[in-house]
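Report on the structure given below.
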Amino acid sequence: MFTSSRVSSFNRHMKTHTSEKPHMCHLCLKAFRTVTLLRNHVNTHTGTRPYKCGDCDMAFVTSGELVRHRRYRHTHEKPFSCSLCKYASVEASKLKRHIRSHTGERPFQCRLCSYASKDSYKLKRHMRTHSGEGLLTTVSCAACWSSEALSVGSG
DNA sequence: ATTCGCTAGCGCCCCCTGCTGGA
DNA sequence: TCCAGCAGGGGGCGCTAGCGAAT
C-alpha cells in the first residue's frame, strides 16, 4: 500500500489543514508550523543570513532567495517564458503579471473610482492620488470626488 | 520523526518610460 | 516648449508555505 515515507508525508500534509502552529517566535510572538519556518523567521529579526552569494557580497535568509538572486544578477536564467511574445522571467509571478498585459485583465479595482490595475502595487500607488499623499494635482477622477473632497485632495 | 533543500507564491518597493494637461 | 503628475511594464528582494528526500 503506502511506504512509511508516504504515510509520513500524508500525516504532515494533513497538518496543513489545521491551524496548529506550535513554534512561536520569542521576539514577536508570531507562530509557525515548523521549526525550520521559525528559524528562518528569527533570522529575519537577527539579520542572520546563512546563504551567501559567491559572486557578490549579498547574503540571504533562505536558499531559495539566493537562487533567485543569482538568476537575476549573475546567471540571467529565465525559466518562465511567455507563449505570446519573447518575454521571459526569473519568477512565475512576474510572467503572470506580464500576461495580464496581453489579456488586459485588471484584478485590482479601486474602491473610490473606476480605475483598475493589473498589479497590486499600482493600485496602492494610484490610491495616493485620492489621499493626496505626496502628490498635488487636479483630481482626474471626477466620477467619485465631490467638489469639497477636491479642495482637500488638492491641498 | 525531524531536518534539509528546493520550489511556489504573494507582497512590497523601486526604476524607467510614455502620455497628458497646465504654465 | 517645458515640466509635473500619473499609469504601464518590468526588475529585484523579503518572507511564508508545501513537499520530496535525506538523516
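Just so you know, these numbers come straight off a predicted model, no measurement behind them. Residue numbers begin at 1 in each chain, while the letters A, B, ... track the order of the sequences.
Using a 4.0 Å heavy-atom distance criterion, Thr34(A) is classed as making no nucleic acid contact. No contact: Arg71(A) has no heavy atom under 4.0 Å from any strand. Among the protein residues, Arg39(A) comes within range of the sugar-phosphate backbone only, with heavy atoms under 4.0 Å from sugar or phosphate atoms but none that close to a base. Among the heavy atoms of the strands lying under 4.0 Å from Ser63(A) is at least one base atom, whether or not backbone atoms are also near. Residue Arg100(A) is classed as having no contact, given no heavy-atom separation below 4.0 Å to the nucleic acid. Across all strands shown, Tyr51(A) has heavy atoms under 4.0 Å from sugar-phosphate atoms exclusively, and none from any base. Residue Val35(A) is classed as a sugar-phosphate contact, given heavy-atom separations below 4.0 Å to backbone atoms only.
Within the 4.0 Å cut-off from OP1 or OP2 of dT16(C), at least one side-chain nitrogen or oxygen of His41(A) is found. The side chain of Lys118(A) places an N or O atom within less than 4.0 Å of a non-bridging phosphate oxygen (OP1 or OP2) of dG9(C).
Checking dC15(C), dA7(C), dC13(C) against the side-chain heavy atoms of Arg73(A) singles out dC13(C) as nearest. The Ser101(A) side chain lies nearest to dG9(C) when the options are dC13(B), dC15(C), dG9(C). Closest approach to the Glu91(A) side chain among dG11(B), dT16(C), dG11(C) is made by dG11(B) (side chain taken as heavy atoms from C-beta onward). Checking dG8(C), dG11(C), dC12(B) against every side-chain atom of Arg125(A), the shortest atom distance belongs to dG8(C). Minimum atom distance to the side chain of Ser93(A) is reached by dC10(B), of the listed dC15(C), dG8(C), dC10(B). When the nucleotides dC15(C), dC13(C), dG10(C) are ranked by their closest atom to the side chain of His98(A), dG10(C) comes out on top. Taking every side-chain heavy atom of Glu65(A) into account, dC15(C) is the closest of dC15(C), dG9(C), dC6(C). Distance from the side chain of Thr62(A) is smallest for dT16(C) among the nucleotides dC13(C), dT16(C), dA7(C). The side chain of Thr36(A) has dC4(B) as its nearest neighbour among dC4(B), dC6(C), dT16(C). Here dG11(C) is the nucleotide among dA7(C), dG11(C), dC13(B) with the atom lying nearest to any side-chain atom of Tyr72(A).
Looking at Arg97(A), its side chain has no donor and acceptor atom pair within 3.5 Å of the base of dG11(B). In the interface, the side chain of Lys122(A) is paired with the base of dG9(C) through a donor and an acceptor atom under 3.5 Å apart.
One atom, CG of Leu123(A), and another, C1' of dC12(B), lie 13 Å apart when rounded to the nearest Å. Here dC15(C) presents its C1' atom at 12 Å from CG of Asn43(A), a figure rounded to the nearest Å. Put simply, CG on Asn40(A) is 10 Å from P on dC15(C), counting in whole angstrom units. The nearest whole Å value for the distance from the OH atom in Tyr87(A) to the C1' atom in dG8(C) is 13 Å. In this structure, Lys94(A) places its NZ atom 13 Å from P of dG9(B), rounding to the nearest Å. Distance CZ (Arg68(A)) to P (dG9(B)): 13 Å, rounded to an integer number of Å.
At a threshold of 4.0 Å, the pair Arg73(A)-Asp55(A) does not count as salt-bridged, since none of the basic side-chain nitrogens sits closer than that to a carboxylate oxygen.
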